[in-house]
Every structure is written in structure tokens, then in C-alpha cells.
A.B. asks: 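The structure under discussion is supplied below as C-alpha cells; questions concerning it will follow.
Because the structure is predicted, anything quoted here is derived from the model rather than measured.
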Amino acid sequence: MSAANKTQTEDIKQDKNPTKDKQEIRQALILIVDDVEQNVAVISQILRNAGHNVMAAFSGETAIRMVQKRKPDLILLDIMMPGMTGFETCEQLKASPATADIPVIFLSALTETDTKVKGFEVGGVDYITKPFQESEVLARANVHLKINWLEQERDKHIEKLTEMNGEKDRLMQIVSHDLRSPLGGIRGLAEILMESDEQVNVATVQEFSKIITHTVDGLLELVNDLLDLAKIESGKVNLNMTEFDFGETVKYASDLVRLVALKKGVFLNAEYPDEPIIIKADEPKLKQTINNLLSNAIKFTPKGGNVDIIVEKGKEKNSKNLLITVRDSGMGISEEMLKTVFEKFGDHQRNGTHGEKGSGLGLSIVKRFVELHNGTVKIESKVGEGTAFHIVMPVLVK
């Protein structure tokens, strides 16, 4: 720092009416880099009075090391420093992807145009001239903090939109493949029945009807899953909380899928207390949750396997928790696939042991319905040995 610059910094001015923008600017972490301690002290006080947190470095080299450990929201950087100059410090900061997005405002008594242009060329966003005016320091710092935060919010929105666009593409793939292909098959069977020159025998009609019914059931499941997920994602799902016997719900859901299990040769076992299990919850959503888990378990369990649903009351004293376990002895899930099993468009979609297809959305809906009841769902699985889902929900009435 030259003697002239030191003299100027000894005459630092403070406005009597500093900019008050605390309501609009949230608290920031600002790094001040200047080899003159008085400059650092004065600017630090200005920024702290405005509600910001401050770090200080007295050389460019020290500043580089500090930002690697703790990233500030803004840097106020002196130009004329011994060793690494402010321009060199800024160039090094902008060269690193980790610090390139931190806005840098230069501090300088130099007013030449070439100096200012140089500052912008190396990546600075603004200048604060010496001697400092408190209102100017706050105004320029706050403006660039706002700009930086708005850019961060913009980037988050872009990332979210990109993610949503990817989900839209995945949804279109589901619609184009999982809807179009089955519909084409139904149309083909219908055309055969209509265009047959001879009377079609009863056995053929029954076989075609069976195929059409099975296909339509699959399409209806997909459409219902997509509609349920759309409601959940839009935040328009409201819980209709009523008191009911959860044992009856389990019996209903088990009976609903028992025929499917019998046809496949899978043994379905339901265990729950003999006495009523009175809970307060949204009964249709819990029915769908149990149905999704049981259907999924049967789908991935081979002939001769077992599927169990076990319902218990919380074991802790005065616990209001309902405990549900759905366990199968099926294919199991790999550790890698477990990471995405609850994602709505994850890479976990598979055909069942008999080639059964599904929307791949059922487990995502299960997780969301459980969480709407302030519950949790966990999964344990081992390839070749089976899978278990454990649900805990605080819905017991007594």
C-alpha cells in the first residue's frame, strides 16, 4: 500500500444517514481483504451494523486459503497490496470452479479508467472508492448480494425445471409404451372377433375376454397410479380422517389379492390381533397402501413362496404407533436398486416372476401416503431371499 493510499484511508468518512436495508437483505457472510487494519475495522463495523457477518484477511494469499475453508457470499478486495495484488487474487478466485461465482467488489483510491476496466476484466463486479462512504459501502454490497442470491435462486429453478422436464419425458415414455402397446393389443383382439368369417367358438371368446380383462386391469392400475401421484405432487391430497378397525382393512385387502396369490401358487398369510385395532386415519388410502404392498409382494414371489402381512400395536408403553410388516420370500432387491425403490421414476421397475408388469409407481405412492399420516416406511431386502417393508404410523386410538 502506498503512502498516499495510507493517508487517504486515515481520513475515512462515515455518513450520518447510512442505508437501512435490513428488511430486504438477509444476513450474509462477507470477506474483507485489505492490508490496512484500519480499513478492515471500519468496513467491518459498517457491515456488522447492517446485520452481516464478516471475515477478514490482510493479504491475497490469506484470502485464497480462507475461501477454501469457508465460502463467503461477497468479497470486498483491495487492489494495491504487497505480494499478491487484488487483481491477481481475483483472477485466482475466478479460475477455481469452487469460488468463481463469488462476487468481488474492489476497494481502491485509484480512479483511473484503465484501473477500473482492469478490475472488470479480471472478474470484479463493482468498485468502492476510498475514502469510504458508509451509505455507498452498504448500497453496493447489498445490490450485489441481491443479484447473487437472485442468480442462485434462478439456478435452483432451472435445475428444478430440468428435473421436471426429465420426469415429463419419463411420463411420456410410460404413456406411449405402457398405454399404447396394451391398447393396440386390445384393438387387435377386438378386430379378430369382429372380422372373423366364421362363428367364433365360446372357448376363444372366453380366452380373448380374459386377455382383454387382464390388460384393462393393468391399464386402469396405471391410470389410477398416475392420477394419485399427480394429486400428491400438486399438494391437493387431503386426508379424510375417520376411526375404523384396521384389522378389517387388512382382511379386506388380503381377500382382494388372495385369488391372485392362489392362482400363482403363493401362500398369503395375514396376522393381526383378535381384538379390534381402532385407528384414526384415511381408510381408503391405507387400503390402497396395503393393497399396493401385497400386490407387489405377490408379483415378485415365485410359485411355492410366502407373503406375510403382520400388524401389531406399538410395543412401547402408551404408544400410539401402528406397526405393519409386509414380507415376501421372492426375488429380493439389489443394494443399488434399493436406493431408488421409492422414487416415482426410478430405475427399479421390473417384471414379476411370471412376467407381471406394473406402473413402477406403487411404492412411491405407498411412501407418500404413509408420510401424509406422519409415518415412516423402511425396506430390508436380500437378493434371492425376499423383501420386507416396515411401516410405523402414530394413528392408534387406544
Side-chain angles (χ1 to χ4, degrees), residues 206 209-225 227-228 239-313 321-331 352-359 361-370 372-373 375 377 379 386-393 395-397:
Q206 289 178 337
S209 298
K210 181 180 178 181
I211 295 172
I212 290 172
T213 300
H214 178 74
T215 305
V216 169
D217 286 344
L219 291 172
L220 185 60
E221 178 190 351
L222 173 60
V223 171
N224 286 336
D225 283 349
L227 290 174
D228 286 337
L239 294 180
N240 181 22
M241 305 291 278
T242 60
E243 291 188 11
F244 59 95
D245 182 1
F246 188 68
E248 290 298 317
T249 300
V250 173
K251 183 179 183 301
Y252 170 84
S254 300
D255 290 344
L256 200 63
V257 298
R258 194 176 300 280
L259 182 60
V260 176
L262 288 173
K263 286 183 176 180
K264 192 174 180 180
V266 173
F267 179 73
L268 176 60
N269 174 53
E271 297 180 16
Y272 46 88
D274 292 332
E275 70 273 11
I277 311 169
I278 306 302
I279 68 172
K280 188 171 184 179
D282 187 311
E283 186 175 11
K285 289 180 177 57
L286 289 197
K287 279 182 178 178
Q288 184 175 346
T289 296
I290 299 304
N291 182 266
N292 282 0
L293 288 175
L294 289 176
S295 298
N296 200 66
I298 293 168
K299 180 190 302 182
F300 295 110
T301 300
K303 182 178 180 179
N306 300 300
V307 171
D308 300 300
I309 176 168
I310 302 168
V311 179
E312 304 170 274
K313 295 181 178 180
N321 289 339
L322 177 68
L323 312 178
I324 308 166
T325 298
V326 176
R327 181 184 295 113
D328 65 60
S329 58
M331 301 162 58
T353 55
H354 283 191
E356 303 100 322
K357 295 182 181 295
S359 68
L361 302 175
L363 292 181
S364 177
I365 293 171
V366 165
K367 186 174 188 292
R368 284 159 172 75
F369 280 174
V370 169
L372 282 172
H373 287 86
V377 55
I379 181 172
T387 302
F389 289 87
H390 303 282
I391 294 174
V392 180
M393 288 189 294
V395 293
L396 281 175
V397 173

A.B. asks: So K263 and V260, do their side chains get closer than 4.5 Å, heavy atoms only?
C.D. replies: no

A.B. asks: Hey, what do you get for CG (L294) to CG (L256), rounding to the nearest 0.5 Å?
C.D. replies: 9.5 Å

A.B. asks: Is there a donor-acceptor pair under 3.5 Å between the side chain of D245 and the backbone N or O of I277?
C.D. replies: yes

A.B. asks: Listed by chain and number, what are the side-chain contact (heavy atoms from CB on, under 4.5 Å) partners of A270, not counting sequence neighbours?
C.D. replies: V250, S254, Y272, I309

A.B. asks: To the nearest 0.5 angstrom, please state how far the NE2 atom of H373 sits from the CG atom of L322.
C.D. replies: 10.0 Å

A.B. asks: Between L293, T387, V307, I310, which is the residue that forms a side chain to side chain contact (heavy atoms under 4.5 Å, CB included) with R327?
C.D. replies: I310

A.B. asks: Is it true that atom NZ of K313 has more than 12 heavy atoms of other residues, nucleotides or ligands lying nearer than 6.0 Å?
C.D. replies: yes

A.B. asks: When you measure from the side chain of K287 to the backbone N and O of T249, does any donor-acceptor pair fall under 3.5 Å?
C.D. replies: no

A.B. asks: For the residue pair A281 and V395, what are the closest heavy atoms and their distance?
C.D. replies: CB-CG1, 4.3 Å

A.B. asks: I want to check something: taking the side chain as every heavy atom from C-beta on, are F369 and N292 in contact at a cut-off of under 4.5 Å?
C.D. replies: no

A.B. asks: Which pair of non-hydrogen atoms, one from F300 and one from K264, has the smallest distance, and what is that distance?
C.D. replies: N-NZ, 4.2 Å

A.B. asks: Between atom CG of L259 and atom CD1 of I298, what is the distance when rounded to the nearest 0.5 Å?
C.D. replies: 10.0 Å

A.B. asks: Please lay out, stage by stage, how F389 and L363 fare under the test side chain to side chain contact (heavy atoms under 4.5 Å, CB included).
C.D. replies: CA-CA 10 Å; F389 289 87; L363 292 181; 3.8 Å; yes

A.B. asks: For I279 and V397, work out which heavy atoms get closest and say how close.
C.D. replies: C-CG2, 3.6 Å

A.B. asks: Write down the atom of A297, the atom of V326, and the distance for their closest heavy-atom approach.
C.D. replies: CB-CG1, 4.3 Å

A.B. asks: To the nearest 0.5 Å, how far apart are CZ in R368 and OG in S364?
C.D. replies: 3.0 Å

A.B. asks: Would you give the length of the straight line joining atom CG of D282 to atom OG1 of T289, rounded to the nearest 0.5 angstrom?
C.D. replies: 9.0 Å

A.B. asks: Looking at every heavy atom in both V311 and P273, which two are closest together, and how far apart are they?
C.D. replies: O-CD, 3.4 Å

A.B. asks: Nearest 0.5 Å please: distance from the CD1 atom of I324 over to the CG atom of L286.
C.D. replies: 6.5 Å

A.B. asks: If the condition is side-chain contact (heavy atoms from CB on, under 4.5 Å), which residues does S329 pass it with, not counting sequence neighbours?
C.D. replies: T301, N306

